[in-house]
Structures are given as C-alpha cells and as structure tokens.
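All chains are named by letter (A, B, ...) in the order of the sequence lines, taking the proteins before the strands, and each is independently numbered beginning at 1. Since this is a predicted model, take the numbers as computed values, not measurements.
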Amino acid sequence: MPAKHERPTHGVAMSNVRVRIAPSPTGPPHVGTAYIGLFDYAFARHAGGKFVLRIEDTDQERSTKESEEAILRALRWLGLEYDEGPDVGGPYGPYRQSERTDIYREHAMKLVATGHAYHCFCTRERLSQMRKEQQKRKQPPMYDGTCRELSADEVRSRLDAAEPAVFRLKVPREGETAYTDLVRKKGEPVVFQNRHIDDQVLLKSDGFPTYHLANVVDDHLMEITHVVRAEEWVNSTPKHIMLYKAFGWEPPKYAHMPLLRNRDKSKISKRKNHTSLDWYREHGFLPEAMLNFLALMGFSAEEGEEVFDLDAMVRDFSWDRIKTSQPIFDVDKLEWLNGVYIRELGVDELIERLRPFAEAGRLDQGETTRKMVGIIQERLKTLDEFDKWTWFFFTDELDYDVETLIPKKTTGPETAAILRAALDAYEGVDEWTTEPLEQTGRGLCDRLEFKVGQVFMALRVAITGSGQSPPLFESMEILGRTRSLARLRDALARLGEQEGETGRIAD
RNA sequence: GGCCCCGUCGUCCAGCCUGGUUUAGGACACCGGCCUUUCACGCCGGCGACACGGGUUCAAAUCCCGUCGGGGUCACCA
C-alpha cells in the first residue's frame, strides 16, 4: 500500500532506482557519511533499488587506504549494507575513482572537442593573485577567462612544451540553469544565473578529475537515478547539470539533505563535535541508536514515533517526510536513545556488546555475570560505563574517602555503631542471597534507632566504595559472603583510624 | 560581499502542501513531585516556540509580499 503523501513524480520505475554514497577517504569515517548513507539506504530499499558505495579518492594528497578501510568498517558496523562497492564488486566497477582516471580523461577530451571545455595554463600563483584583487575590488572571485579563447595552435604548442594544464568547463555567459530538488523549495525549481557560475576545473594538472567531473561521469556510467547528498552541494548542482547536458545525458534527480550542525549552527566540524563514527563506537554507542538518532536529524516517522529501527524507516520512507531545516547534532538525545536501546537488549546480548569494554576475564557466561549485568542494564547510557558501575566487584582495594562512609545527619561514632551491628548480623547469615540479606538489613534498622537511609548508605559505601551504586543487596550477593564481610571490617577499621587521629568526627 | 537554501519551545520533531478540529502537540534537556536503600528506570506535573511587519480572508503557524535572522557556497578539496 503506498504511503498517502508519496509524490508520484519520481519518474523512475521502482526497480530502477540506484543511489550511491560517495565518501572521500581523507580522514576518519564521518557521521555525515553515515547520515547521507542512511537516507540513501532507506530510499533504495524502500524503492526496491540498489545502494552503491563509490570511493571518491581523486585527491591524491589526502586520500589514504586506511581511511577507506575505516569507512567500510564503519558502514558495516552500522548495518548499512551496500549492493555494490570496491570490496564487494558489481557490474559497474571499478568503484574506486582512482582506478577510473582514463575514463575521466577521455570524457574531458570529449568536452574539449565539443567546445564545452578548454585547456587552461594559468598558474596557481596567478590565480590566487587574481582572486585577491577581485576581492579587493569587492567582486566575486571567479576565473577571469584568460585561457577561454586560446587558439588551437597556441594550445597545442604549449601542450607540446609540456606546460602544465587543467581542463575547465566553458560556462555560457548568458542564460540560466535550473533544477528541482526532491526536498527543498516545495518542488519549485532552484534557478541560477549562468553569469554567476564559475568555469570550474574539471581535470587537474595531475591528470585526476575534480569531484565535479568525476561524480557526473560516474553517476551516469553507474546509472545512478537519484543523487542524495548534503546541502553544501546545492551551489555546485548547476555545474553538474551543465555537464550532463554537455555530454548529452539525462541528469539524475537531486535530493539535498540539510547539513548536520554544531551547537552554534555552523556545519558540523571536528573542532566542535565528535565527528568520527569510530569515536562513537569506541565510547559505547550502539549502531542502532546511532542510526535512529541520525534518522531523527532529517526524517520524521508518520505517527511521530521517536524510537524506530532501520526496517521501519525503510518501510515508511518518503521524500515528503524529509526535513529542510538545520538540525543540531544533540549528543544528549543520542545518549538517551542509546540508553533506550541498551535497555531493550537481552542480558546475554548485552554481555556480548559489553565485552569489548570490559577488561579481559570480567565477563564470562556464568550466572553471576548475568546477575551483575542485569542490575546495571537500566543504569547504562553507554557501554563504556560498564566499569563505572562494576569496578568494585573486581578489586579488593576500595578507594574511597572515610567521610563518604558517614551518612547525612549521622556522626562518625554512630556510623561505626551501625557497621559494627551490621557485621555481627551478617556474620550470622548463611544464605547469602538478596532476599535474606535485605531482611537482615531491615531488621537492623528496626533494632537500631537509625533510618533505612542511614543504615543502607553506610553499608553501601562500605560494600561498593561509593554513594552511588547498583542495588545494595544484589551487589552483596554477587560479591559473596567472604568479600562482603571483609569490606564491613575494613570500613570499621577506617572509621577507627580516623577517630584515633582526630579524636572527633564531624557531626 | 555576490549567489543559493532555510526560519515552530534551549534542542529534535508534529502541524503548513489540502487556512478553521490548536487555550500549537510529542520527545530530549532542565525544574518539581511520586516510586525508592543510592543512582538509574518508570510515572505525574512544570517551564518553554509559531522571527518581525504588511497583505489576502469571516478566519493564518498554515497562502502572498517585504524585512530581519541563521546557514551554505564562491579551490587544480570533496
């Protein structure tokens, strides 16, 4: 059943849909790549089409193999499986632009032959000088056209002289170029005056293409039907349209997604945010929470649900539900979502997810481990908080300040009395499980004239070393009789020590 | 600065296309309360927005225009 708001204007048979994610391997895997990839994936799957991964490594200076591998790993971690890509192959390969340079060169030559592009011999120095002057004159920095009308003879002789050259797009000085966007302007065309469009470099002097040439040629050759990319590309789109026209090709549909933002609304950046997917994985974020959160940044479910999985997004996907406004990357909300997903996990599953975050040997298949993970589950916001909640199970050197042992509205001697009585009582407990341990604790409160809060807090700190811990009696059960009693004795000793030193405890 | 996009609570989102059902709804965060052995979870409540100005209309968050604001982009990077 089709969604009621679905636009019937895609103009492409469902099964023909092909989208691609085209990351540049110039750094750690970026959240923006996952964000765009998510929408690519959701749309492709929704439409029954194909999702392609293409590596845009045309920047020889900055592209690295390590970065490419990390991007592939991150996409897999998230579960954004692609149908075609450099490591899985496919009928439109190669999927790495550095392996397609002949194709671009050939196409660039074609454009020169048809008068849509020209050789340019201007040096970088001259160009930057030119821009400087243009800005001084408050003119928009644009190529001044020096090489635009060079004669064929001059071009040939300079080429023969091995003078470095680039290929530039010959943008018409008149007229306008327009396109319609799937997500913005409510279907009205976005119009650009050609005189504002620069003669973009298509092929660099190192023989590599720029993004503009490579993405157009590849998208066409790979039969991409819909280009889903970030909003920062809107201004380049008319150049791309011109290229399609110059080649005599049909342009794809465009969908420009809103850019992820820093708190100050600027484009998300590593200076102001964690932008590496690896960082989120290493800090205990679940891939399903990450995906759900990223989805929320640009998409809203029909019934307004906030928590939904990839399959639900695929099912409900519609360009009508894609937002245009500038979403701020709100880590607080990500953490909340992560907690939601952690709580939904089964204990055994959670143990496996926790394993990379726990020191070796701390998580086994035993019942005690299951109990321990069970009591911290609803307290975890991220997997890397495992240690924060469980450290006291794995050491006998509790590190805490004696003062924290003394509950509010209680004196040192009173605390000592409480712990003394507790030690006596617990030494008599044989069945060391939560129920009897709690009964004993409550009986203690009745006999002593102290409140539950006072008694339990003193016990809590003695047992766990902190005023904030998992449930006390469950923790005692997990710790075991011997170690629990030892901690009570240890606490008593610490109190005695302090009394001896100061003679008096704060009251 | 030129060009382009965007503009509902602090943040994310619903409502806008197909004006009235809205004293503008939900979520995160924050504050208060309940539950409770702490923390957390859960539950209840509170705070809090249609950028502004015109116009169209019986009626505008919703349609039109202008202003203002925010962002993006102006590389032999993508």
Side-chain angles (χ1 to χ4, degrees), chain A residues 5 22-26 56-59 61-63 120 122-124 127-128 131 135 138-142 164-168 181 184-187 190-193 195-198 200-206 208-212 214-215 229-238 256 258-259 261 263-267 293 296-307 320 323-337 339 343 375-381 389 407 438 441-442 445 451-457 459-461 464 466-473:
Chain A
H5 294 302
S24 183
T26 52
E56 308 232 328
D57 54 349
T58 55
D59 184 341
E61 312 270 290
R62 300 191 299 147
S63 296
C120 171
C122 297
T123 62
R124 291 171 201 256
L127 258 17
S128 78
R131 282 188 206 102
Q135 292 191 23
K138 287 202 258 189
Q139 290 177 332
M142 280 178 80
V166 302
F167 288 55
R168 281 182 187 276
D181 202 298
R184 46 199 73 236
K185 290 284 295 250
K186 299 174 180 172
V190 181
V191 183
F192 298 84
Q193 297 304 313
R195 63 190 156 83
H196 290 138
I197 302 171
D198 205 357
Q200 194 50 244
V201 170
L202 301 176
L203 203 68
K204 305 181 238 180
S205 54
D206 65 2
F208 273 60
T210 59
Y211 170 85
H212 306 282
N215 106 84
R229 71 206 338 184
E231 190 187 355
E232 58 190 329
W233 293 109
V234 166
N235 286 319
S236 303
T237 304
H256 287 99
L259 239 23
R261 312 290 175 143
R263 279 226 159 274
D264 65 3
K265 302 249 192 198
S266 58
K267 178 164 81 167
F293 173 69
L296 253 19
M297 298 275 87
F299 170 84
S300 60
E302 262 187 72
E303 302 302 323
E305 309 91 340
E306 309 245 346
V307 182
D320 281 348
K323 293 326 329 164
T324 50
S325 49
Q326 348 176 50
I328 289 170
F329 193 90
D330 179 9
V331 183
D332 281 343
K333 190 141 188 174
L334 207 207
E335 286 193 341
W336 165 74
L337 253 184
R343 275 171 250 132
I375 61 171
I376 66 166
Q377 181 163 21
E378 67 192 24
R379 278 160 250 271
L380 293 173
K381 282 210 301 274
W389 289 105
E438 176 162 358
R442 294 202 182 275
C445 299
K451 295 206 168 98
V452 177
Q454 292 175 290
V455 175
F456 288 11
M457 184 51 75
L459 281 173
R460 177 185 312 286
V461 176
T464 73
S466 165
Q468 290 184 12
S469 76
L472 176 58
F473 302 108

*Asks:* Find the distance between CG (A:Asp198) and CZ (A:Arg168) and round it off to the nearest 0.5 Å.
*Replies:*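 Spacing of CG (A:Asp198) from CZ (A:Arg168) equals 6.5 Å.
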
*Asks:* Identify all pairs in which a protein N or O lies below 3.5 Å from an N or O of nucleotides 38-40 of chain B, and state each distance.
*Replies:*
residue, atom, partner, partner atom, Å
B:rU38, O2', A:Gly467, O, 2.8
B:rU38, N1, A:Arg460, NH2, 3.3
B:rU38, O2, A:Ser469, N, 2.8
B:rU38, O2, A:Ser469, O, 3.0
B:rU38, N3, A:Arg460, NH1, 3.2
B:rU38, N3, A:Ser469, O, 2.7
B:rU38, O4, A:Pro471, N, 3.4
B:rC39, O2, A:Arg379, NH1, 2.7
B:rC39, N3, A:Arg379, NH1, 2.1
B:rA40, O2', A:Glu378, O, 2.4
B:rA40, N1, A:Glu378, OE2, 3.3
B:rA40, N3, A:Glu378, OE2, 2.8

*Asks:* In whole Å, I'd like the distance from the OH atom of A:Tyr211 to the P atom of B:rC74.
*Replies:*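 To the nearest whole Å, that distance equals 12 Å.
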
*Asks:* Considering every strand shown, what is the Watson-Crick or G-U wobble mate of B:rC68 when both distances are under 3.5 Å?
*Replies:*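 Pairing partner: B:rG7.
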
*Asks:* Just N and O in the side chain of A:Lys381: are any of them under 4.0 Å from OP1 or OP2 of B:rC41?
*Replies:*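 No.
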
*Asks:* With heavy atoms under 4.0 Å as the rule, sort A:Ser466 into base, sugar-phosphate or nothing.
*Replies:*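 Result for A:Ser466 = nothing.
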
*Asks:* Once you apply the 3.5 Å cut-off to both distances, tell me the Watson-Crick or G-U wobble partner of B:rU38, or none.
*Replies:*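 The answer is none; no pair meets the criterion.
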
*Asks:* Let me know the distance between NE2 of A:His212 and C1' of B:rC74, rounded to the nearest Å.
*Replies:*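 Nearest whole value for this atom pair: 11 Å.
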
*Asks:* For a quick test of reading the model, state the closest non-hydrogen atom pair linking A:Thr324 to A:Pro258 and the distance between them.
*Replies:*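 That would be O-CB, 3.7 Å.
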
*Asks:* What verdict does the side-chain contact (heavy atoms from CB on, under 4.5 Å) test give for A:Phe192 and A:Asn235, after you've listed the backbone C-alpha separation in whole Å, the side-chain angles of each residue and the deciding distance to 0.1 Å?
*Replies:* CA-CA 9 Å; A:Phe192 298 84; A:Asn235 286 319; 3.5 Å; yes

*Asks:* Would you indicate which nucleotide in B:rC3, B:rG72, B:rC76 comes nearest to any side-chain atom of A:His196?
*Replies:*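 Closest nucleotide among those given: B:rC3.
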
*Asks:* Verify, without hydrogens or angle tests, whether A:Thr210 (side chain) and A:Val201 (backbone) share a donor-acceptor contact under 3.5 angstrom.
*Replies:*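 Yes, the answer is positive, given that a donor and an acceptor are paired below the 3.5 Å cut-off.
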
*Asks:* What nucleic acid atoms does A:Pro209 come within less than 4.0 Å of, heavy atoms only: base, sugar-phosphate, or nothing?
*Replies:*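 Result for A:Pro209 = sugar-phosphate.
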
*Asks:* Please write out the pairs of protein N or O atoms and N or O atoms of nucleotides 22-25 of chain B separated by less than 3.5 Å, giving the distance to one decimal.
*Replies:*
none

*Asks:* Taking atom CZ of A:Arg131 and atom CD of A:Gln139, what is their separation to the nearest 0.5 Å?
*Replies:*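 Result: 14.0 Å between the selected atoms.
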
*Asks:* When you compare the side chain of A:Thr237 with that of A:Asp181, does any pair of heavy atoms fall below 4.5 Å?
*Replies:*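 A:Asp181 vs A:Thr237: side chains apart.
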
*Asks:* For a 4.5 angstrom cut-off between non-hydrogen side-chain atoms, does A:Pro140 reach A:His196?
*Replies:*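 Side-chain contact under 4.5 Å: no.
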
*Asks:* If you count heavy atoms of other groups shown closer than 6.0 angstrom to CD of A:Glu61, is the number above 12?
*Replies:*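 Incorrect, the count does not exceed 12.
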
*Asks:* What distance, rounded to whole Å, do you find between the two C1' atoms, one in B:rA51 and one in B:rC68?
*Replies:*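 One C1' to the other, the span is 7 Å.
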
*Asks:* Which of the following nucleotides, B:rC28, B:rC76, B:rU8, is nearest to the side chain of A:Ser325?
*Replies:*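 Looking only at heavy atoms from C-beta outward on A:Ser325, the closest nucleotide is B:rU8.
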
*Asks:* Rounded to whole angstrom, note down the P distance from B:rC28 over to B:rG45.
*Replies:*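 Each nucleotide's P atom is 14 Å from the other's.
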
*Asks:* Which part of the nucleic acid, if any, lies within contact of A:Val191, taking any heavy atom under 4.0 Å across all strands shown: a base, the sugar-phosphate backbone alone, or nothing?
*Replies:*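 A:Val191: backbone/sugar contact only, no base atoms under 4.0 Å.
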
*Asks:* Show each protein N/O and nucleotides 34-36 of chain B N/O combination with a separation under 3.5 Å, one pair to a line.
*Replies:*
none

*Asks:* Measure the shortest side-chain to side-chain distance between A:Gln454 and A:Cys445 over non-hydrogen atoms and say whether it is less than 4.5 angstrom.
*Replies:*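 No; the side chains remain at least 4.5 Å from each other.
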
*Asks:* Do A:Pro470 and A:Gln377 have side chains that get closer than 4.5 Å, going by heavy atoms?
*Replies:*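 Not in contact.
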
*Asks:* Taking donor-acceptor contacts at under 3.5 Å, does the side chain of A:Ser205 reach the base of B:rC76?
*Replies:*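 Present.
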
*Asks:* Mind checking who B:rU73 pairs with, Watson-Crick or G-U wobble, both distances under 3.5 Å?
*Replies:*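 In the structure as shown, B:rU73 has B:rG2 as its Watson-Crick or wobble partner.
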
*Asks:* Closest to the A:Val190 side chain: B:rC77, B:rC4, B:rG71?
*Replies:*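 My answer, after comparing the listed nucleotides, is B:rC4.
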
*Asks:* Closer than 4.0 Å, any side-chain N/O of A:Ser300 to the OP1 or OP2 of B:rA14?
*Replies:*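 Yes, because at least one side-chain N or O of A:Ser300 sits under 4.0 Å from OP1 or OP2 of B:rA14.
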
*Asks:* Base, sugar-phosphate, or nothing: which does A:Asp198 touch, judged by heavy atoms less than 4.0 Å apart?
*Replies:*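 No contact.
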
*Asks:* How far does CG of A:Leu259 sit from CE of A:Met297, to the nearest 0.5 angstrom?
*Replies:*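 CE of A:Met297 is found 12.5 Å from CG of A:Leu259.
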
*Asks:* So which one's nearest nucleotide on RNA chain B is more toward 5', A:Lys265 or A:Val201?
*Replies:*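 Its nearest nucleotide lies further toward 5', so the answer is A:Lys265.
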
*Asks:* Return yes when atom NZ of A:Lys381 has more than 12 non-hydrogen atoms of other residues, nucleotides or ligands closer than 6.0 Å, and no otherwise.
*Replies:*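 Atom NZ in A:Lys381 is not crowded, with 12 or fewer foreign heavy atoms closer than 6.0 Å.
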
*Asks:* Does A:Glu306 contact B:rG26 through a side-chain donor or acceptor facing the base, at a distance under 3.5 Å?
*Replies:*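 Indeed, a donor on one side and an acceptor on the other fall under 3.5 Å apart.
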
*Asks:* B:rG7, OP1 or OP2 - any side-chain N/O from A:Thr324 closer than 4.0 Å?
*Replies:*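 Indeed, a polar side-chain atom of A:Thr324 lies that close.
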
*Asks:* Nearest whole Å is fine: how far is B:rC74 C1' from A:Gln135 CD?
*Replies:*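 Computing the A:Gln135:CD to B:rC74:C1' distance gives 9 Å.
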
*Asks:* Which atom names give the shortest non-hydrogen contact between A:Val452 and A:Arg442, and what distance separates them?
*Replies:*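 Result for this residue pair: CG1-NH1, 4.0 Å.
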
*Asks:* Please confirm whether any donor atom in the side chain of A:Lys333 sits under 3.5 Å from an acceptor in the base of B:rA29, or the reverse.
*Replies:*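 It does not, because no donor-acceptor pair links the side chain of A:Lys333 to the base of B:rA29 below 3.5 Å.
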
*Asks:* Looking only at side-chain N and O atoms, does A:Lys204 come under 4.0 Å of OP1 or OP2 in B:rC77?
*Replies:*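 So the side-chain polar atoms of A:Lys204 do come within 4.0 Å of the phosphate oxygens OP1 or OP2 of B:rC77, strictly under.
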
*Asks:* Please give the distance between the C1' atoms of B:rG26 and B:rG20 as a whole number of Å.
*Replies:*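 That atom pair is separated by 23 Å.
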
*Asks:* Heavy atoms from C-beta onward define the side chain here; which of B:rC6, B:rA78, B:rC76 lies closest to that of A:Val166?
*Replies:*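 From the listed options, B:rC76 comes nearest.
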
*Asks:* What's the gap between B:rC39 and B:rC34 when it is taken at their P atoms, as a whole Å value?
*Replies:*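 Roughly 13 Å separates the two P atoms.
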
*Asks:* Ignoring backbone atoms, test whether A:Arg131 places a side-chain nitrogen or oxygen under 4.0 Å from the OP1 or OP2 oxygen of B:rA75.
*Replies:*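 Yes, because at least one side-chain N or O of A:Arg131 sits under 4.0 Å from OP1 or OP2 of B:rA75.
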
*Asks:* Give one of base, sugar-phosphate or nothing for A:Gln326, where a contact means two heavy atoms less than 4.0 Å apart.
*Replies:*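 Counting heavy atoms under 4.0 Å across all strands, the contact made by A:Gln326 includes a base.
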
*Asks:* Would you mind telling me which residue lines up with the more 5' stretch of RNA chain B, A:Met297 or A:Glu231, judged by nearest nucleotide?
*Replies:*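 Residue closer to the 5' terminus by nearest nucleotide: A:Glu231.
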
*Asks:* Sort out the partner of B:rU18 for me: Watson-Crick or G-U wobble, both distances under 3.5 Å, none otherwise.
*Replies:*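 Across all strands, not a single nucleotide pairs with B:rU18.
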
*Asks:* A:Asp57 has an atom CG; how far is it from atom C1' of B:rC77, in whole Å?
*Replies:*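 Atom-to-atom, A:Asp57 to B:rC77, this comes out as 13 Å.
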
*Asks:* For A:Arg124, answer base if it contacts any base atom (sugar-phosphate contacts may also be present), sugar-phosphate if it contacts only those atoms, and nothing otherwise; contact means non-hydrogen atoms under 4.0 Å.
*Replies:*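 Result for A:Arg124 = base.
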
*Asks:* Regarding A:Phe208, tell me which of base, sugar-phosphate or nothing describes its non-hydrogen contacts under 4.0 Å with the strands shown.
*Replies:*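 The residue A:Phe208 makes no contact with any strand.
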
*Asks:* Nearest to the side chain of A:Thr58, heavy atoms from C-beta on, is which of B:rG70, B:rA78, B:rC5?
*Replies:*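 The answer is B:rA78.
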
*Asks:* Given B:rU37, B:rU11, B:rA27, identify the nucleotide with an atom nearest to the side chain of A:Trp336.
*Replies:*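 The closest nucleotide is B:rA27.
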
*Asks:* Begin from the C-alpha positions of A:Ser469 and A:Arg460 and carry the test side chain to side chain donor-acceptor pair (under 3.5 Å) through to its verdict.
*Replies:* CA-CA 8 Å; A:Ser469 76; A:Arg460 177 185 312 286; 2.8 Å; yes

*Asks:* Looking only at the side chain of A:Arg168 (C-beta and beyond, no hydrogens), which of the listed nucleotides B:rC76, B:rG71, B:rA78 gets closest?
*Replies:*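 It is B:rC76.
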
*Asks:* Looking at every non-hydrogen atom in both residues, tell me the closest pair between A:Arg229 and A:His256 and how far apart they are.
*Replies:*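 The pair with the smallest heavy-atom distance is CD-NE2, 3.0 Å.
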
